[in-house]
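Chain naming here is simple, since letters A, B, ... match the order of the sequence lines and numbering starts at 1 in each.
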There are 2 protein chains.
Amino acid sequence: MNTTNLTLISKNQQMREILNQISKVVDSDSSVLLIGETGVGKEIFAEYIHKISNRSLNAFVKIGLAAMPSELLASELFGHEKGSFTSAAGEKKGLFEIANGGSIFLDDIDDVPFEIQTKLLRVLESKEIMRIGGTNPIPVDVRLITASKVDLKELVSRGIFRADLFYRINVVPFQIPSLRERRDDIPPLIEHFLKMFQPNKKIEITNEAMKAFVNYPWPGNVRELKNVINRISLFVSGKINFDDLPFEVQNENPIEFLLKACNKCYVDGNMKFDQIVKCLEHNLLKEALKVSSGNQSNAAKNLGLSLSTFRDKLKKYNIV
Amino acid sequence: MNTTNLTLISKNQQMREILNQISKVVDSDSSVLLIGETGVGKEIFAEYIHKISNRSLNAFVKIGLAAMPSELLASELFGHEKGSFTSAAGEKKGLFEIANGGSIFLDDIDDVPFEIQTKLLRVLESKEIMRIGGTNPIPVDVRLITASKVDLKELVSRGIFRADLFYRINVVPFQIPSLRERRDDIPPLIEHFLKMFQPNKKIEITNEAMKAFVNYPWPGNVRELKNVINRISLFVSGKINFDDLPFEVQNENPIEFLLKACNKCYVDGNMKFDQIVKCLEHNLLKEALKVSSGNQSNAAKNLGLSLSTFRDKLKKYNIV
DNA sequence: AATCTTTCTACGGAATTCCGTAATCAAGTC
DNA sequence: GACTTGATTACGGAATTCCGTAGAAAGATT
């Protein structure tokens with residue numbers, strides 16, 4: 001979990017584009033919202049933004065907001081005066097104060113209880129904090145970087161997240177793609193982690209193993225990949241074979257299945273390109289509709305298609 | 001093998017188009033070439049053409065030309081005079097003579113040895129035949145219908161088939177699509193064969209079994225389907241279950257694999273439409289290239305794509 | 001019942017895909 | 001070395017796909 005190693009490994013086009021965008025806004029002090037699944041490396045992005053910004057000489061403070069009792073959270077963020085907090089001895093600086101002049105990174109902002117949201121909003125609007133039990137406001141100057149696993153807009157429309165806070169936070173949003181959306185990054189990442197865990201050993205990877213790595217869906221994204229490489233690097237010596245991979249990478253590999261089936265269709269089934277593709281698309285559309293129990297809008301969204309495109313395809317394939 | 005039952009079961013668009021074309025040329029007496037895999041029903045088409053033509057009152061004669069010794073073939077086609085053919089007693093009319101005024105159907109024309117090709121050509125050009133051992137030519141008026149499993153043009157360019165005979169034969173060519181290219185015909189065909197083999201019993205089919213029928217590649221086309229239904233109809237009483245299907249239909253079913261893998265990708269792999277399709281296309285292109293050992297033209301042909309399209313895709317996916 | 005949200009449907013133009021044509025290249029063949 | 005044959009490139013326009021927009025319909029919410 002130690003992310004001191006601040007290296008953003010990525011040759012991927014999408015990622016490069018994001019880094020490019022970041023460099024354009026990095027010195028503007030505007031709040032950045034990082035959106036992406038767990039493990040995509042949102043912390044690393046946050047730290048990266050801090051480091052290349054003109055605040056880099058001041059503090060970078062980070063805190064995960066998930067599953068924290070409301071009171072503790074408030075105390076952490078805003079600090080407290082002597083004796084004001086139960087069983088807390090002396091006074092304590094809050095993270096906002098510590099980050100003064102620098103940046104604060106609030107991870108899992110989507111898990112923040114409503115009540116803290118309100119307090120956060122107050123800080124952002126007034127640019128000053130009030131310690132718990134304190135009386136006079138302390139001005140703070142911090143760059144806010146937040147991270148969310150889900151689309152906050154959704155939470156807003158469901159009433160779980162304050163709209164005004166959302167607008168404060170969402171000044172510069174970045175959608176970090178999941179690892180499976182940028183599989184070309186997998187090989188360089190593996191290489192990087194191998195070097196990181198075993199700087200001395202020279203470890204290679206068989207084609208078969210690499211193929212499995214590339215095709216595995218990585219629900220835990222880069223974090224999961226890192227853990228897997230860590231584990232493997234402990235016992236493998238010269239070469240990583242397919243058999244060395246964790247069970248799930250070996251077996252829960254939908255793409256491997258797909259590609260094998262695809263070849264079967266071509267070689268055994270004597271099917272043409274169009275037949276195979278159409279067959280697959282047809283099935284996929286139907287499956288998506290089934291999963292969304294008939295809701296076209298959702299099916300389209302899940303497939304990553306615009307509703308129009310989705311419907312065009314439904315028509316093309318004569319699906320209900 | 002008895003094809004007396006002259007029913008062309010097909011709701012398929014491509015097939016209807018062919019039937020449509022046939023009706024336009026049926027009375028023109030021009031030679032028809034039927035091209036298609038074994039079992040697609042070329043004999044039925046031939047008989048159909050004869051029956052709806054203005055020659056229907058005269059004879060329809062058919063003969064399979066595959067694997068026939070040259071001499072026997074000649075005797076069959078052209079007949080022979082008394083004692084001229086080894087151990088053949090009396091004189092014998094050839095099929096061309098018998099078909100006089102009607103139609104003759106030569107199946108598997110692609111298997112005809114070169115020497116007979118020459119004789120055939122002579123008949124077609126002169127419109128008269130010479131019995132073996134005979135001296136005076138007998139004028140014949142027949143409509144020629146031929147069938148081939150492969151593209152005769154290929155055989156011509158390989159020097160195996162006479163170009164001039166090809167042009168005589170190929171006046172009106174029809175490409176009959178394989179069963180797997182018109183899967184919508186499978187259910188009505190099954191129904192038809194069931195009625196045919198068990199006119200009394202009312203046999204139903206479970207969805208699962210029907211799905212397997214539809215997705216099986218049917219390398220033997222309609223003939224294979226007919227045989228399978230025949231076999232099944234012998235022991236099944238009320239309903240055809242998945243378990244009743246022959247081994248190959250149950251297991252050698254590339255499409256079933258593909259669809260399952262596809263769903264896995266969507267549900268477990270969390271993949272988007274584009275990702276799945278692209279992944280599949282990429283793989284398919286590479287596989288086709290591998291199978292054709294790098295020959296792009298062949299790979300394209302096997303995939304049923306134009307070379308240009310194939311190359312566009314190669315570029316799109318950055319393949320070599 | 002009135003309003004707000006969500007989903008469905010239809011349309012038109014931008015972007016991409018598809019494929020015929022033709023030029024170029026690479027090997028045989030004579 | 002000229003010729004033939006088959007494969008690889010390159011190009012441009014027809015056909016299709018893709019998606020934003022915006023109005024209609026169907027549910028929700030009050």
Side-chain angles (χ1 to χ4, degrees), chain A residues 13-14 17 150-163 166 175 181 271-320, chain B residues 13-14 17 150-163 166 175 181 271-320:
Chain A
Q13 186 48 44
Q14 279 181 82
E17 181 55 29
V150 300
D151 187 4
L152 285 182
K153 249 174 275 154
E154 290 247 333
L155 298 190
V156 169
S157 60
R158 274 196 281 149
I160 300 173
F161 203 88
R162 291 191 62 123
F166 170 67
Q175 205 31 285
E181 288 172 293
M271 293 169 70
K272 303 295 184 190
F273 188 89
D274 255 26
Q275 288 183 75
I276 299 178
V277 173
K278 280 182 180 161
C279 174
L280 177 112
E281 293 200 355
H282 182 108
N283 175 256
L284 198 46
L285 295 171
K286 271 178 65 178
E287 177 71 11
L289 267 180
K290 203 168 89 189
V291 170
S292 73
S293 51
N295 184 320
Q296 298 182 0
S297 306
N298 284 343
K301 182 152 50 169
N302 291 336
L303 288 173
L305 296 175
S306 78
L307 178 59
S308 345
T309 303
F310 180 74
R311 301 195 85 245
D312 286 346
K313 284 183 185 296
L314 285 191
K315 198 183 293 169
K316 172 177 168 188
Y317 290 110
N318 275 318
I319 303 175
V320 275
Chain B
Q13 187 47 45
Q14 280 182 81
E17 181 55 30
V150 301
D151 186 5
L152 284 183
K153 249 175 275 154
E154 291 247 334
L155 298 192
V156 170
S157 60
R158 275 198 279 151
I160 301 172
F161 204 89
R162 291 191 64 123
F166 169 68
Q175 198 44 276
E181 289 173 292
M271 293 168 70
K272 303 295 183 191
F273 188 88
D274 255 27
Q275 289 183 75
I276 299 177
V277 174
K278 281 181 181 162
C279 174
L280 177 112
E281 292 201 353
H282 181 109
N283 175 257
L284 199 45
L285 296 171
K286 270 177 64 177
E287 176 72 10
L289 267 179
K290 203 167 90 188
V291 170
S292 74
S293 50
N295 184 321
Q296 298 182 3
S297 306
N298 283 343
K301 181 152 52 169
N302 291 336
L303 288 173
L305 296 176
S306 78
L307 178 59
S308 347
T309 303
F310 180 74
R311 302 194 85 245
D312 286 346
K313 285 183 184 296
L314 286 191
K315 198 184 293 171
K316 173 177 168 188
Y317 289 110
N318 275 319
I319 302 177
V320 277

What about B/Ser308: does its side chain form a donor-acceptor pair under 3.5 Å with the base of C/dG20? yes
Phosphate-side-chain proximity, [X] and [N], N/O vs OP1/OP2 below 4.0 Å:
{"X": "B/Asn295", "N": "D/dT8", "answer": "yes"}
{"X": "A/Arg311", "N": "C/dT9", "answer": "yes"}
{"X": "B/Lys313", "N": "C/dC18", "answer": "yes"}
{"X": "A/Gln296", "N": "C/dT9", "answer": "yes"}

Full working for side-chain contact (heavy atoms from CB on, under 4.5 Å) between A/Asn283 and A/Leu280: CA-CA 5 Å; A/Asn283 175 256; A/Leu280 177 112; 5.8 Å; no
State, with a plain yes or no, whether a side-chain heavy atom of A/Lys316 is found less than 4.5 Å away from one of A/Asp312. no
Using whole Å, what does the distance between atom [atom2] of nucleotide [N] and atom [atom1] of [X] come to?
{"X": "A/Lys316", "N": "C/dT16", "atom1": "NZ", "atom2": "C1'", "value": "13 Å"}
{"X": "B/Asp312", "N": "D/dT8", "atom1": "CG", "atom2": "C1'", "value": "14 Å"}
{"X": "A/Tyr317", "N": "D/dT16", "atom1": "OH", "atom2": "C1'", "value": "12 Å"}
{"X": "B/Leu314", "N": "D/dT8", "atom1": "CG", "atom2": "C1'", "value": "11 Å"}
{"X": "B/Phe273", "N": "D/dC19", "atom1": "CZ", "atom2": "C1'", "value": "14 Å"}
{"X": "B/Leu303", "N": "C/dC18", "atom1": "CG", "atom2": "C1'", "value": "15 Å"}
{"X": "B/Lys153", "N": "D/dG6", "atom1": "NZ", "atom2": "C1'", "value": "16 Å"}
{"X": "B/Phe310", "N": "C/dT17", "atom1": "CZ", "atom2": "C1'", "value": "16 Å"}

B/Ser297 side chain: which of D/dC19, C/dC8, D/dA7 is closest? D/dA7
Between the protein and nucleotides 24-30 of chain C, list the N/O to N/O atom pairs that are separated by less than 3.5 angstrom.
none

Using a 4.0 Å heavy-atom cut-off across all strands, classify A/Thr309 as base, sugar-phosphate, or nothing. base
What distance separates [X] [atom1] from [Y] [atom2], expressed to the nearest 0.5 Å?
{"X": "B/Leu305", "Y": "A/Asp274", "atom1": "CG", "atom2": "CG", "result": "6.5 Å"}
{"X": "A/Lys313", "Y": "A/Asn318", "atom1": "NZ", "atom2": "CG", "result": "14.0 Å"}
{"X": "A/Leu285", "Y": "A/Gln296", "atom1": "CG", "atom2": "CD", "result": "10.5 Å"}

Is A/Glu287 salt-bridged to A/Lys290, cutoff N-O under 4.0 Å? yes
Show the numbers, then the answer: is there a side-chain contact (heavy atoms from CB on, under 4.5 Å) between B/Leu289 and B/Phe310? CA-CA 10 Å; B/Leu289 267 179; B/Phe310 180 74; 3.9 Å; yes
Closest-nucleotide mapping onto DNA chain C: is A/Leu307 or B/Ser306 further toward the 5' terminus? I mean the 5' end. A/Leu307
